[in-house]
Amino acid sequence: MTTRISRDDLARRIAADIPEGSYVNLGIGAPTLVANFLPADEEIILHTENGLLGMGPAPEPGLVDPDLINAGKQAVTALPGAAYFHHADSFAMMRGGHLDVCVLGAFQVSQTGDLANWSTGAPGAIPAVGGAMDLAIGAKDVYVMTDLLTKQGESKLVAACTYPLTGVGCVSRVYTDHAVFDVADGAFVVRELFGDNTIDELRELTGLALGATEGN
Amino acid sequence: MTTRISRDDLARRIAADIPEGSYVNLGIGAPTLVANFLPADEEIILHTENGLLGMGPAPEPGLVDPDLINAGKQAVTALPGAAYFHHADSFAMMRGGHLDVCVLGAFQVSQTGDLANWSTGAPGAIPAVGGAMDLAIGAKDVYVMTDLLTKQGESKLVAACTYPLTGVGCVSRVYTDHAVFDVADGAFVVRELFGDNTIDELRELTGLALGATEGN
Amino acid sequence: MIDKTVPNVEAAVAGIADGATVMIGGFGRAGQPVELIDALIAHGASDLTIVNNNAGNGDTGLAALLAAKRVRKIICSFPRQSDSWVFDGLYRAGEIELELVPQGNLAERIRAAGAGIGAFFSPTGVGTQLAEGKEAREIGGRRYVLEYPITADFALISARKGDRWGNLVFRETARNFGPIMATAAATTIAQVDEVVPLGDIDPETVVTPGLFVDRVVAVGERPWLRDDVFVGGVDLEGRALEEENR
Amino acid sequence: MIDKTVPNVEAAVAGIADGATVMIGGFGRAGQPVELIDALIAHGASDLTIVNNNAGNGDTGLAALLAAKRVRKIICSFPRQSDSWVFDGLYRAGEIELELVPQGNLAERIRAAGAGIGAFFSPTGVGTQLAEGKEAREIGGRRYVLEYPITADFALISARKGDRWGNLVFRETARNFGPIMATAAATTIAQVDEVVPLGDIDPETVVTPGLFVDRVVAVGERPWLRDDVFVGGVDLEGRALEEENR
């Protein structure tokens, strides 16, 4: 049985890799958890694509402000030093490469860094992309936060994505509940193993010829 | 001897054609005079491409503010209701067709509405275009304010410009010291004659087959 | 005297014809001009093409316009939400056409329309389904697809304050699409919480200069802003606040 | 703690290498970061490509940088002015290269660089000498030419106030190119009249959000703003104020 760390532990692990002073966009869903583990004594500036830089935590109950929301349409706050701007300016920040890190969820990531996270391509599903494609190309480093396996036990790390793509060659690192992988030269390289996971086990789970960094 | 009205009278004549509520950019040089004749009891909003809408008159002496200038780099003021913006936004206003009227000077205007006003093409001259090409395409109506003739007596209204172009087919009306001309269907049409000018005289001065509106 | 204020929302939406393309501001509920949308429903225009980031939330505002069967087509980035049941039903029944656009391309295409840009090369969506059939090009080693402006006959937006020249300031993340939609429509109609005297808005802080705005209507404090409850919104856990307050 | 403030202009311009492309804000004198330019001259970098709307006024600021023979090439819209004698002399002597760009295309190309746009079709300049050799296209019945982004290694800009996160607000028409140049350079250096505590600038009124700014240096009240005299500027009749005060 392989070790699987919790969502919170994975969020904590990602938070530890984000240096002070970084400009960061946390995607809707699990990536939002990363905010909870950013060190309180460091300044890391959060961007939300609906027009706010310097996003703070959720407000106290009773202080919800309907005009102050994040991209997931949840109530948030603004820190001292925050700035509001319109949508064209906000996406110019992403597209122009001004963010340091985006953390995104995924259905699949390919070993060449392709990301699929907006559509399963299921017939009859209502398509909705939002800012996913902009986020995928919208930071110096695009990190994926995901379980390694689907509920059906299939690897989300794949040789080539079978789901509709969000972006091509855009992912730099994948944080999973089993291990952390870098995308390098068309292959996944194991950067860090959690618990008792071994590279051989991960090779078996993913069906991929995973590379290893020194010490792994 | 044909009547030639003064610069001020020409500016007054142009001002009379600008309806209340118009957004107007007055080019550097003579067109700036038009501002002096806009009716004091009407609101006409002046745009200056260096980032101000709602530009007011020159300040009182001693109240010159070096950060508050027009496109000619002269000191101006800002009216209540003014707005400042950056250069990309300012030229988006022009290029996007949001101004009603631009008034520009000219070296030559062709009967198809081509404008030449930025360069005489003289060898050795230092080229400088500024916002001329943006202004030329930057309003619903582009009015030219000019003497009909050069100091050498040559017509500035021409069949085809010989000077380098500022814009193609962009001029809608030409206000000269002799008459007002509309550009319509590839020809100049005399809209209004000043003083004792006649169409035949103007045809002789310009060498062009000028059209006439009813009553002229 | 220039006075772009109109006395009520009925006057504000006058002239919106059947078949018009109408941009509607807002990201979810924030910045959604609910009072103008209600007036548009009462006004009766149909066969509309709507440009919005979403496709309506709950049963109010844009969702109500859809429910009234006034919308032929919607251009948006994210129709499917936890509370988009009105759109979902129409879409599944084949009663509404959808053009899906990545959110940043949607914003930039709207801006391009307002800025007189003929088309632009965007890196967003390259290599995906949403770029299929679009002109592609490599520039400086990066791949791009050509995107065209989105224009509209009308824009309905919501701002915090406005003056009689049409200058607007917004509130927090309710700013979102309002300023760019104002530039891209032939006629821009802004509802504001409050009309203030000319000169009250500091010229340094104007977000939308008045030349982009044709009509301003005061709607007072928005009811869904009252009592610190985000009517129709989601709470800190993402649950609909409306449900809790029913 | 993030602190982008640096103690002096020498530290602000550190690292600008020979051969760098440097955007310099300002429209004439308004918004020209004179103190940073003086520091750049002292710093000594040469063989520079400068992006500015003009090519220097009088003998100070950008004109002084040109006079010091540090500039290989200038990209601008309007080099020739009543007080551009430094540039005029260098240009006539063949000692400086000039790329002339219509002002709106200059602004939009800078914005495109900051916004990650690969290229865009502009209607400005179509059919003129300045569009010769450029790709042209008709879109929707209007003619356009393809324009590419202008990027830079550094941007030197001048703002009214800044905070330690790099948020900036500007003053009147001194805003001009500052906000867009800040987005287009790898490293943006802002001189401000005053550094204010974080949180002092209302988030609704920030013009340049801090993520575009790398270094902030306070230069105090700009000397050419003093005593209501526009040092080096023109008076109401267009005469040089410097002349009058000599």
Side-chain angles (χ1 to χ4, degrees), chain A residues 28 48-52 55 57-76 78 82 84-95 97 114-116 118-119 121 124-138 164-170, chain C residues 27-31 53 55 57 76-82 84 87-88 91-92 98 100-108 110-111 122-130 143 160 170-180 207 222 224-225 228-238 241:
Chain A
I28 298 174
T48 182
E49 61 265 35
N50 55 314
L52 168 60
M55 179 171 67
E60 298 296 315
L63 295 176
V64 168
D65 179 339
D67 285 342
L68 185 44
I69 60 175
N70 66 11
K73 304 191 176 72
Q74 296 166 308
V76 295
Y84 297 108
F85 31 83
H86 62 58
H87 247 78
D89 281 349
S90 184
F91 281 79
M93 288 180 191
M94 293 205 285
R95 198 189 309 106
D114 293 354
L115 173 66
W118 74 282
S119 165
I126 296 174
V129 66
M133 291 184 179
D134 307 277
L135 287 159
I137 59 137
L165 292 187
T166 307
V168 175
C170 56
Chain C
F27 181 87
R29 301 269 177 162
N53 186 61
N57 306 74
C76 70
S77 84
F78 206 75
R80 190 193 59 221
Q81 301 166 91
S82 60
S84 63
F87 171 81
D88 299 358
Y91 183 78
R92 294 215 161 91
L98 169 67
L100 194 70
V101 182
Q103 196 169 142
N105 284 354
L106 182 66
E108 189 71 9
I110 293 167
R111 183 210 174 255
S122 170
T124 300
V126 167
T128 74
Q129 279 180 3
L130 299 187
R143 290 173 64 209
R160 170 72 187 88
F170 295 81
R171 186 164 180 273
E172 301 167 344
T173 59
R175 186 182 303 196
N176 57 67
F177 283 89
I180 52 175
V207 173
R222 288 159 290 165
W224 46 287
L225 248 175
D228 273 339
V229 174
F230 186 178
V231 183
V234 291
D235 69 7
L236 304 182
E237 267 67 50
L241 283 169

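Just so we're on the same page: letters track the sequence lines, and every chain starts at 1.
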So what's closer than 4.5 Å to chain A heavy atoms on [X]: side chain, backbone, both or neither?
X: Phe87(C); value: side chain
X: Val207(C); value: neither
X: Phe27(C); value: both

Write out, in numerical order, the residues from residues 87-94 of chain A with a heavy atom short of 4.5 Å from a heavy atom in chain C. His87(A), Ala88(A), Phe91(A)
Atom [atom1] in [X], atom [atom2] in [Y]: separation rounded to 0.5 Å?
X: Asp88(C); Y: Gln81(C); atom1: CG; atom2: CD; value: 9.0 Å
X: Phe177(C); Y: Asn53(C); atom1: CZ; atom2: CG; value: 4.0 Å
X: Thr124(C); Y: Leu106(C); atom1: OG1; atom2: CG; value: 11.5 Å

Short question: side chain of [X], backbone of [Y] - any donor-acceptor pair under 3.5 Å?
X: Asn176(C); Y: His86(A); answer: no
X: Asp67(A); Y: Ala30(C); answer: no
X: Arg29(C); Y: Asn57(C); answer: yes

Kindly indicate, with the supporting measurements, whether the criterion side chain to side chain contact (heavy atoms under 4.5 Å, CB included) is fulfilled by Leu52(A) and Leu68(A). CA-CA 9 Å; Leu52(A) 168 60; Leu68(A) 185 44; 3.8 Å; yes
So which residue, [options], ends up with the most heavy-atom pairs under 4.5 Å with chain A?
options: Arg143(C), Arg111(C), Arg92(C); value: Arg92(C)
options: Pro79(C), Ala107(C), Gly104(C); value: Gly104(C)
options: Cys76(C), Ser122(C), Pro102(C), Gly125(C); value: Pro102(C)
options: Leu98(C), Leu100(C), Ile180(C); value: Leu100(C)

Shorter than 4.5 Å, heavy atoms on both sides: which option in Pro127(A), Ser119(A), Cys170(A), Pro164(A) has the most such pairs with chain C? Pro127(A)
So which of Ala82(A), Ala71(A), Ala125(A) has the largest heavy-atom pair count under 4.5 angstrom toward chain C? Ala71(A)
Start with the C-alpha distance between Trp118(A) and Leu130(C), add both sets of side-chain angles, then the distance that settles side chain to side chain contact (heavy atoms under 4.5 Å, CB included), and finish with yes or no. CA-CA 11 Å; Trp118(A) 74 282; Leu130(C) 299 187; 4.1 Å; yes
Looking at residues at least two apart in the chain, or sitting in another chain, which of them share a side-chain hydrogen bond (donor to acceptor under 3.5 Å, both in side chains) with Glu172(C)? none
Verify side chain to side chain contact (heavy atoms under 4.5 Å, CB included) between Glu49(A) and Asp134(A), making sure each step is shown before the conclusion. CA-CA 10 Å; Glu49(A) 61 265 35; Asp134(A) 307 277; over 6 Å; no
